[in-house]
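Computed from a prediction, not measured in an experiment: that's the story for all the values here. Every chain is numbered from 1 and lettered A, B, ... according to where its sequence line falls, protein lines coming before strand lines.
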Number of protein chains: 2
Amino acid sequence: MSQLEKYPRPSVTVDLVIFTIVDDDLKVLLIRRGNEPYQGLWALPGGFVGIGESLEEAAARELQEEVGVRNVYLEQLYTFGEPERDPRGRVISVSYFALVDAERQTIAAASDAADARWHSVFKPPRLAFDHRKILDYAVWRLRNKIEWTTVGYELLAKKFTLSELQRVYEIILQRPVDKRNFRKKILLQGQIRELNETRSDGAHRPAKLYSFKQ
Amino acid sequence: MSQLEKYPRPSVTVDLVIFTIVDDDLKVLLIRRGNEPYQGLWALPGGFVGIGESLEEAAARELQEEVGVRNVYLEQLYTFGEPERDPRGRVISVSYFALVDAERQTIAAASDAADARWHSVFKPPRLAFDHRKILDYAVWRLRNKIEWTTVGYELLAKKFTLSELQRVYEIILQRPVDKRNFRKKILLQGQIRELNETRSDGAHRPAKLYSFKQ
DNA sequence: CCAAAAGTGTTTCACTTACACCCATGA
DNA sequence: TCATGGGTGTAAGTGAAACACTTTTGG
């Protein structure tokens with residue numbers, strides 16, 4: 001233990017960029033700070049890593065505490081460790097991003113007691129610490145990820161229509177997507193299963209429902 | 001400071017995966033451990049993050065100390081924080097990977113005093129801690145990266161031939177690369193400049209030299 | 001003149017993009 | 001019957017992959 005004791009230790013936190021889609025917009029959960037520093041500004045939810053807890057466990061615990069959800073998509077982003085990033089002392093932040101789906105985000109809304117709120121990712125308020133940098137990085141990562149992987153499904157309910165999925169892509173990428181090419185690409189991936197159900201929604205043809213495999 | 005003081009703090013280290021190419025092989029720098037735990041096993045070079053030092057600075061300092069090089073390509077990889085990864089206590093490791101070019105790796109060899117050595121990445125010895133996982137992740141990242149970016153140049157001297165660059169790709173990807181397609185792709189990228197020099201190397205046609213722009 | 005690495009184009013195939021109309025429903 | 005979003009196919013273009021011979025040099 002000698003080597004370990006010789007050095008002053010920084011504090012280590014996890015900070016979460018929790019995304020969801022509401023009202024046709026990509027949202028991030030922010031918390032209004034009640035204390036100095038940066039009192040009154042908005043910040044990413046986060047907290048200290050327990051001494052017996054893995055980083056991923058700490059992130060999952062925060063997610064549970066702040067949003068009341070479990071088993072959502074969670075991925076480590078980057079570790080920020082500039083010595084001056086927190087004026088109170090040396091704090092190293094391991095950032096994660098999470099995707100909360102449409103079904104469970106209502107639970108999240110419940111936790112919106114007073115000082116937690118969904119904000120548009122594309123015009124966020126001024127953020128505390130270096131959280132704007134973290135947010136920007138998370139958005140960049142999400143955009144890349146959605147093009148190469150299937151994370152898009154994490155933002156939808158279990159059953160969804162192809163139009164809903166297309167909207168997720170358009171909202172994240174902030175550009176229109178061609179309907180026919182999109183459907184071709186998604187169906188070719190073979191990652192979704194067509195269900196024997198449709199959803200009627202107003203005065204037009206009902207849409208087929210699909211579910212994500214695994 | 002109250003919040004910061006309330007929690008027991010983990011130790012934070014940086015661990016480095018330092019790559020270079022020697023003898024037609026991708027190598028990683030490893031250090032033989034002189035103390036418990038894992039005495040006698042090989043480990044990635046690394047060390048504690050100084051309290052006033054950014055993570056990147058700590059990584060650059062380690063690189064300087066271990067390999068004697070500065071201003072090489074350095075990129076944060078991932079942060080490993082399982083509570084049991086170090087039997088001496090809670091140690092969170094921020095890993096970086098570095099690319100040391102052919103010209104400067106001779107300096108590195110000098111530092112190979114007794115217990116530091118270049119090992120083949122593809123058949124490494126048994127590693128201490130979770131360093132095998134870190135190494136595997138770094139190799140995976142390097143392979144992806146070389147396909148989408150221009151990091152390959154970081155492993156070569158300032159002036160190089162296209163065949164040398166091709167070898168870098170073949171060694172990292174561990175598969176043969178078509179000469180004509182490779183040259184077409186690289187030249188189309190517009191990232192290298194043809195020099196008015198050639199290099200003669202034995203009884204055959206001399207190769208044109210190129211340099212990387214910026 | 002021989003051995004050895006450098007250098008060079010064309011064809012094929014797969015994937016991406018652009019694009020417009022009919023369908024099923026509720027009001 | 002009309003308005004609304006759901007659903008479908010084809011042609012053109014772009015980028016990746018396969019592939020073999022000539023050039024320049026030193027010995």
Side-chain angles (χ1 to χ4, degrees), chain A residues 21 23-24 102 143-150 152-153 156-157 159-212, chain B residues 21 23-24 102 143-150 152-153 156-157 159-212:
Chain A
I21 288 185
D23 296 339
D24 249 27
R143 281 187 168 158
N144 284 326
K145 201 118 195 161
I146 204 175
E147 304 245 41
W148 306 108
T149 74
T150 56
Y153 301 109
L156 289 174
K159 299 175 181 183
F160 53 87
T161 70
L162 289 179
S163 294
E164 285 166 350
L165 185 59
Q166 183 179 338
R167 274 308 287 152
V168 168
Y169 279 69
E170 291 179 329
I171 289 165
I172 292 173
L173 299 174
Q174 291 283 289
R175 60 172 154 81
V177 169
D178 180 85
K179 191 174 16 167
R180 280 177 286 189
N181 294 334
F182 178 76
R183 290 161 112 93
K184 209 184 310 165
K185 178 181 125 185
I186 294 293
L187 292 173
L188 261 178
Q189 283 175 191
Q191 291 281 233
I192 62 175
R193 185 195 336 276
E194 185 178 334
L195 304 174
N196 285 328
E197 296 175 66
T198 56
R199 176 186 300 156
S200 286
D201 172 37
H204 49 81
R205 180 171 176 175
K208 288 182 197 157
L209 288 173
Y210 293 81
S211 73
F212 181 44
Chain B
I21 288 185
D23 296 338
D24 249 28
R143 281 187 169 159
N144 284 326
K145 201 117 196 164
I146 204 176
E147 306 244 41
W148 305 108
T149 72
T150 55
Y153 302 110
L156 289 174
K159 298 175 180 183
F160 54 86
T161 69
L162 289 180
S163 295
E164 286 167 349
L165 185 60
Q166 184 179 337
R167 274 309 286 155
V168 169
Y169 278 70
E170 291 179 328
I171 289 166
I172 292 174
L173 300 174
Q174 291 284 288
R175 61 173 154 83
V177 169
D178 180 85
K179 189 167 28 161
R180 281 177 286 189
N181 292 334
F182 179 76
R183 290 160 113 92
K184 210 183 308 165
K185 179 182 127 187
I186 294 293
L187 292 173
L188 262 178
Q189 283 175 190
Q191 292 280 237
I192 62 174
R193 186 194 335 276
E194 184 179 335
L195 304 174
N196 286 327
E197 296 176 64
T198 56
R199 176 186 301 157
S200 287
D201 173 36
H204 50 83
R205 181 171 175 173
K208 289 183 198 157
L209 288 172
Y210 292 81
S211 72
F212 181 46

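If you measure from atom CH2 of A/W148 to atom C1' of C/dT16, you get 12 Å, rounded to the nearest angstrom. Counting to the nearest Å, the P atom of D/dA18 and the CG atom of B/D178 are 8 Å from each other. As rounded to whole Å, 11 Å separates atom P of C/dG7 from atom CZ of B/R199. Atom P of nucleotide D/dG15 and atom NZ of B/K184 are separated by 12 Å, given to the nearest angstrom. In this structure, A/F182 atom CZ and D/dT8 atom P are separated by 14 Å, rounded to whole Å. Counting to the nearest Å, the P atom of C/dG7 and the CG atom of B/L162 are 6 Å from each other. To the nearest angstrom, C1' of C/dC21 lies 18 Å from NE2 of A/H204. For A/R183 and C/dT16, the CZ to P distance is 18 Å, given to the nearest whole Å.
Across all strands shown, B/K179 has heavy atoms under 4.0 Å from base atoms, whether or not it also approaches the sugar-phosphate.
The phosphate of D/dG7 has neither OP1 nor OP2 within less than 4.0 Å of any side-chain N or O from A/R180. Taking side-chain N and O atoms only, A/S163 has no distance below 4.0 Å to OP1 or OP2 of D/dG5. Residue B/R205 places no side-chain N or O under 4.0 Å from the OP1 or OP2 atom of C/dA4.
Mapping B/P206 and B/A203 onto DNA chain C via the closest heavy atom, the residue that lands nearer the 5' end is B/A203.
For the atom pair OG1 (B/T150) and CD (B/Q191), the distance works out to 5.0 Å, reported to the nearest 0.5 Å. Put simply, CG on B/L162 and CZ on B/R167 are 15.0 Å apart, with the number rounded to the nearest 0.5 Å.
When ring centroids are compared, B/F212 and B/F160 stay outside the 6.0 Å threshold.
A 4.5 Å side-chain heavy-atom check between A/L209 and A/T198 finds every atom pair outside the cut-off.
Under the 3.5 Å distance criterion, the side-chain polar atoms of B/Q166 are matched with a main-chain donor or acceptor of B/V177.
Between the side chain of A/N181 and the base of C/dA18, at least one donor-acceptor pair of N or O atoms lies under 3.5 Å.
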